[in-house]
Amino acid sequence: MRAQPRTALCALLTTAACSLQLLLPISGTHVALAQPQDSTPPTGPAPSDPAPTDPAPSDPAPTDPAPTDPNPAEGDANDPNTVSPPKLLQEASTLPPEGLELQQPAAVDLELTVSAEGKVIEAKLLSSEDDRLNEHALSMARQFTFDPAKQNGTPVAVVIQYRYWFEPNGAPEPAGTDPTGGASTPASYASADEASSPARAAATEQGAAAAASPASAADTEDEEVYEAVAEVDAPPRETTKRTLDKQVLTRMPGTRGDAIRAIEVLPGVARAPDGENPLIRGGGQFESLALVDGTPIPLLYHFGGVTSVIPSRLLERVDLYPGNFSARYGRATAGVVEAQLRDPKTDGFHALVDISLIDSSAMVESPIGDQLSVAVGGRRSNIDLVFDSFVPEGAFDVLAAPLYWDYQGIATYRPSANHKLRLAAFGGRDQLRLLFDDPSKEDPTLRGDLDVSLEFHKLQLLYEGQFDQVRQSLVVALGKQDLHQVFGPDTRAYFEIYELDARGEWEVTLGHTKNAANQLMFGFDVGHQTLIGAYRGSVASPDEGSLPYDNKNRGELVVNETTIGMTSPAVYVEARVHPTEAWQLVPGMRVDYYTLQKAATINPRLSSRYQLTDATALKAGVGGYSQPPLYYESFDPVGNPEVDPYHALHTSLGVEHEFGGMLQLDVEAFYKSLWNRVVGTEDSAPPFFENGGKGRIYGLETGATFRPSEATFAQLSYTLSRSERRDHGERWRLFDSDQPHILNLAAGHSWDSGWELGLRFRYVSGNPNTPVERAVYDATSDVYTPIFGAHNSTRDGAFHQLDVRAEKRFSIGPGSLSIYLDIQNVYNQENPEGYSYSYDYSKKEVVSGLPFFPNLGLRGEL
Amino acid sequence: MIHLTARAFELCIQLPARQSTRLNLGVACLFVTCLAACGDPLVEPQVVDATRVFGVHLQSANEPERAELARGEAGRLSFLLAATEASPVSGLVHICRASASTLGAPPCEGQPLLTLEMSGSSGSELSQDFALPNALRAGDEWLAWAGFCEEALPSAVTSEHFECDNGEPALESYARFRVPDGAANMNPSLDDDRLRLEGVTWSDEPLLKNGSACADSDLPRVSEEQTVEIRFALQGDDREPLPAEEPSYGQATQESLVYSHAATVPGLSRAFSAIDHNSDNAGFELSFTPELNSGARNGRTATLFFVVRDGRGGSDWLLRQLCIMRGQ
C-alpha cells in the first residue's frame, strides 16, 4: 500500500515508484558450429587481395574447430540453418588516405555488424598493420552496402570479420568486376547474436543455432576468402532465456530509456509498483538474482526506481531467466536478471550529452591505441533544482534536496581477438535531508529529521579468454557501500559494507554430435560481505507476508556497532550434451555454502531442448534451487540464527516456434514448489523468523516477438499465473504480489527521416489486499492500530497504462542531436496501488499510481 | 495514515542486505515527505466530532506524579474521552500481562489478571482505583485493554475485544505500562506549564457544557474565522533524563514529549506538536481559526483537549474552552 500522491510534488516524486533492476552477464556463449572453410590461398594475389594466404584476423579455430565433418561445404550447403554470408555490393577503394605514403600493402582487420538491410551498423577495429589507416578503414567500411546474409532465405544481421587491404601509393585500383570489391576479405562471419542483431530480435529465446555455410561462401566471388566459421549462439543452457538487446533497451516507451525497467514487457515478469526489484514468476523481489557482469550491484536504482544507476547506453544486453536457470546461478529461488556492460567503442572518439527533466548525463569513449578502449560517464539528477518550489510553505525545511549522481568508467584491453581484459568502475549516491517543522498531520511519530544517504563504489575486473577448446571467464569485484539514515527522533542507522565477489568459469568443448558441440562447464563463485553498522529502530518484518502494521507497534530494536561477516562460496558443474544433433541435454549440479547460516545446499538441475523441426523446438526443465535467508533474518538479535536456507523446485515445459525469422512464438507452462521459506514467527515474537513457510506457483507464459526489420520491433506477452503461500500450516493465501493476468504490448518503429515512435501498453491484475475490519486506539502513542481481516482476501482494481515515446534525430555534421519525449500514463489512468486510511481507519480512499507524466529530453551524440 | 510508513522504518535494517538492491528507502522517504506535505487528511484528527478515547493516565496513589506501579501497589487508571456531548459511558478494562508479540495491537498473555469497571460521562475522564496484580513482576510489560460504550454496557468478547449491548461497536483502546525495575517514570505535567492564548495566560475556568451559550461567561471569546495563537512553553523541563541502556546506540539522554490537541470545533491548525529530546526549543505554537458558522450570537462553547505523552506511559491532559461568537 502506498502513499497517495496528491500534489505536483508528489507526482514528481512518485516517478521513483517503479521497479528496476540491473544485471550483468557473464560472457556470451558463442559456439562455432562449422569447420573453417578451406583457407587455400587464392590463385593469384590480385591487387585487391595482396596477401590471401594470411590467416583470418581472428583465428576461428579456437572458437570451435568442429572437426567432425570432413566436407562441411557440402553438408552445410543443404542445412536449412545455413547462414549465407553477406556480399559487398560495391568496390572498396584500396587507396590509403590522402597524404599518407604507403610503401607496402597493409591490412586493417575490422569487425563489421551488417544489418538485415545490408548496412554496416557497427564497425570495430580488431587489429592493424598500420595505425595510420585505422580511421580511414573504419570510415570507408561504414559506407559499405552488402547484399545481406541470409538464413533460410531470410535476411539476417551478422557480424563479419573483414580484412581491408590498402595498396602502396601508385598501385592500380582493383578491377571493378569483383562485387566484393576485392579489396578486402571478409575473413569470417558470425550470425549476429541477440546483442547486436535486430534480426534476432529483442526478447527472443535463442532458437536453433545457425550453421555456417562454406558452400555459400564458395558461391561468392573466388577472391573472397571465406573462413566460413559461423560463430553463433548455441541454444541456451536454460530452458528459457529472454533477452533485450541494446537496440530495444533504450527505446522502450514508459521507461525513460531505462534498460532494466524494460524487462517488464517480458513474459513472467510481474509489475512491481513501488520500485522494487522485478518480480519473476510469482517470486518475491529478494528471491531473484540481479547481476551486472556476473557480480551483484548494491544499488540498482536511484531513489527506488527513478532510473538505474548504470546508464542503459553502457549496456550491451539484459537477459532474463524466469526459471530453470543454469547451475552457474545460485542463491535465488525465483529468476535471474543479468545485464552486460558493453565494451567502449573502438572506431574513434564518441561523446554523448543527455539533458532531461529528471537528470543530466554525459559520456565520452574512445580507443587508445589498437588494443585499448575506454569510456567514462556520469550523471546527476535535476530534481533538486526544482524541489524547493514544490514544497508547501511551512511543511518542512529542505536541508538537502533529493539528489542522486553516479559515475562509470570502463576500459577494455584486447591483446588479441581471443582475450579480453576489462576494468569497470562505477558508483553512485542518493541523498535527501529534510527537517519537518511539525509532526505529520496524521501521525505524530513522523517528525523531525529525515536524513538519508546511500553511496556505493564498485571496481570490477573481468577477463575472458579462449584457449583452444577451453573458454575461460574470470570476474573479481570489490565494493564499498555507506548508508546513513536518520528517521525522526527514534530511528537511526549507519552501515559500512565491504564486498568481494569473484567468479571463475571454464567451458571445455569435448566433441561434437554433428554440428552440435558437447561441452562441460564448471566454475565457482563466491560472495563476501563484511558489514559494520549500528541500528536503532523498529523490529524487522518478513519481506513478504507481513501485514502493513505501523512499526511503532512493533517494539524497538537496538544494535550497537557490530561487524557481521558473510561468505557464500559455491561450485558448479554443468554439461551440454547432444544425444542427437537436435536434442540437447543440460544436466548440472551446484553446491553452495553459507557461512552465516553454517549451512550447505546441493541443487541438481536438468534442462532439455529438442529441435523438432527447423522452426520448432520443445523445451523442458526440472531442478532444485536454494537461497539463504536475508542477512538480518538470521542475525541475532534482529533475526534467528537458527533459520536455514530455503528451497524451490522448478519444473517447466514449453515450445518455441519461429515464423520465417521475423516472428517468434514461445509458450511455456511452469510449476514451482517452495518449502522451508523464512517467515515471521506466528506472534511476531523473538526470534522473529523461522522456516515455517511453503509456496506453490503455477502458470502459463506466452510471448511473441515480431522483428520484420531493424527499424521495427514488437513484443507481446501474456502471463497467466497464480502464486500462493502457506505460513505455519495455515490456509493457503495469495502471494502479496500475485498478479494472475499480465498483458504487455510494446512496439516501436524508426524512420530514415530520424523519427522514432514507440508505445507500450500494460494490463495487469491488481495486487491482493488485506481489508481493515476495525481499529483500536493506542493510548500510549495516540495512534490507531488496524485489525485486519483475512490476509490478501481482496484485490485492488486492475492496472492498465499506455506509455508513448517519440524521438526526432537530427544529423549535424559528424554527430547528431535528438529530442525525445517519453510520456507515461498517456490517458492519465488512476491505477490503484492500495489504500490510504484516515487516522482512525474509519475512511479510506484508493491510492493511485503515477499520473500522466511527460519527460522531455535532449541528447547530443558524436 | 499510510501503511507505507511501516516500510520506511524497516528499510533501515533491510537495505544493507545483499539482496536489497532496491533503493526503496529513498522512495519511502519521499512518500513520507508526501505524507507530511501533500493533500489534506481524509479526517482531521484535530477535530472531535464524535466520542473517542484521547488519552490514558496512570498514577500511583502514593506518588501521583509517578506513571508506574509496583506489583501490588495501589494507583489510579484514567481514560480521557473526548466528545462533543456529554453522554453516560460505561467501560470495561482488562489488566493483563503483555505477550511477546510485536505485531499490531498487543495481545494479552493468557487471561486478564484483573478487570476494572468504569463509568462516567463522555467529554471528560473516567477513572478507577486499583492495585496492580501481584502476578506481575518487576520489568514486566502489562496492558490495559479497555472497551467503552455510550449509553450501553460493554462486554468482553476476548481479552482484547469488546462489544456493546446495544449493538454499537465499542470504543476500544489499549495502553502499555511497565512494572518498574529501576528508576520510575514520572508523568509529565501540563499544569505548571505556561499556556497562553494570544499572549495572555490561558487559565483554567470551570467547564461549561460543550456547545452551550457562553456570551455571559468568562471564557475567552473568539470570532468565527478569527485566528488566535496558542502557545505552549515548558516552565521546567518535563523531559526526564533517560536511564542508560545497553545497547545504547542512538539512545536519547532525555524524553521526547508529544502533544496531541483537538477541538470540538474545526479550526486547530494541526493535531500534534512535539518537543523532541534534542530540541532546544522547549515550546510550540499553533493557531485556532473557528470556521464559519461554528459560533452563535450568544456564543457557543468549544472545548479543546490537550494531552502530553512521554512515550513511556507517562501522560497528562488538560481541557480549555473558548466562546465562539458569530462572525463580526
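Each chain gets a letter, A, B and so on, in the order its sequence line appears, and its residues count up from 1.
The CZ atom of B/Arg309 lies 8.5 Å from the CG atom of A/Asp778; values are rounded to the nearest 0.5 Å. Atom CZ of residue B/Arg176 and atom OG1 of residue A/Thr780 lie 7.0 Å apart, to the nearest 0.5 angstrom. Taken from CZ in B/Arg52 to OH in A/Tyr784, the straight-line distance is 5.5 Å, to the nearest 0.5 Å.
In this structure, B/Tyr174 contributes its side chain and A/Val776 its backbone to no donor-acceptor pair below 3.5 Å. Put simply, the side chain of A/Ser838 never gets that close to the backbone of B/Leu42: no donor and acceptor are under 3.5 Å apart. With A/Asn560 contributing its side chain and B/Ser248 its backbone, the two residues share a donor-acceptor pair below 3.5 Å.
Ring centroids of A/Tyr494 and B/Tyr249 are separated by less than 6.0 Å, placing the two rings close together.
Heavy atoms of B/Ser315 lying under 4.5 Å from chain A are absent altogether. Contact annotation for B/Gln251: both backbone and side-chain heavy atoms come within less than 4.5 Å of a heavy atom of chain A. Contacts of B/Val53 with chain A are made by both backbone and side-chain atoms, with heavy-atom separations under 4.5 Å. Contacts of A/Val559 with chain B are made by backbone atoms alone, with heavy-atom separations under 4.5 Å and no side-chain atom involved. For B/Ala274, the parts lying near chain A are the backbone and the side chain together; criterion is any non-hydrogen pair under 4.5 Å. When heavy atoms are compared at a cutoff of 4.5 Å, A/Thr681 does not approach chain B at all.
Scanning for salt bridge (Lys or Arg N to Asp or Glu O under 4.0 Å) contacts around B/Asp310 gives an empty result, with sequence neighbours left out. With sequence neighbours excluded, the residues satisfying salt bridge (Lys or Arg N to Asp or Glu O under 4.0 Å) with B/Glu229 are B/Arg231.
You'll find the side chain of A/Pro439 stays beyond 4.5 Å of the side chain of B/Val258, heavy atoms only. No side-chain heavy atom of A/Asp438 sits less than 4.5 Å from a side-chain heavy atom of B/Phe284. Taking the side chain as every heavy atom from C-beta outward, A/Tyr777 and B/Leu171 never approach each other to under 4.5 Å.
Using a cut-off of 4.0 Å between Lys/Arg side-chain N and Asp/Glu carboxylate O, B/Asp276 and A/Arg447 are scored as salt-bridged.
Atom CZ of A/Arg774 has more than 12 heavy atoms from other residues, nucleotides or ligands within 6.0 Å.
Scanning both residues, A/Ala779 and B/Val56, for their nearest heavy atoms gives CB-CG1, 3.3 Å. Contact record, A/Pro686 with B/Ala100: CD-O, 4.0 Å, taken as the closest heavy-atom pair. The heavy-atom pair separating A/Ile787 from B/Ala105 by the smallest distance is CD1-CB, 4.2 Å.
The choice from B/Gly313, B/Ser273, B/Pro169 that makes the most heavy-atom pairs within less than 4.5 Å of chain A is B/Ser273.
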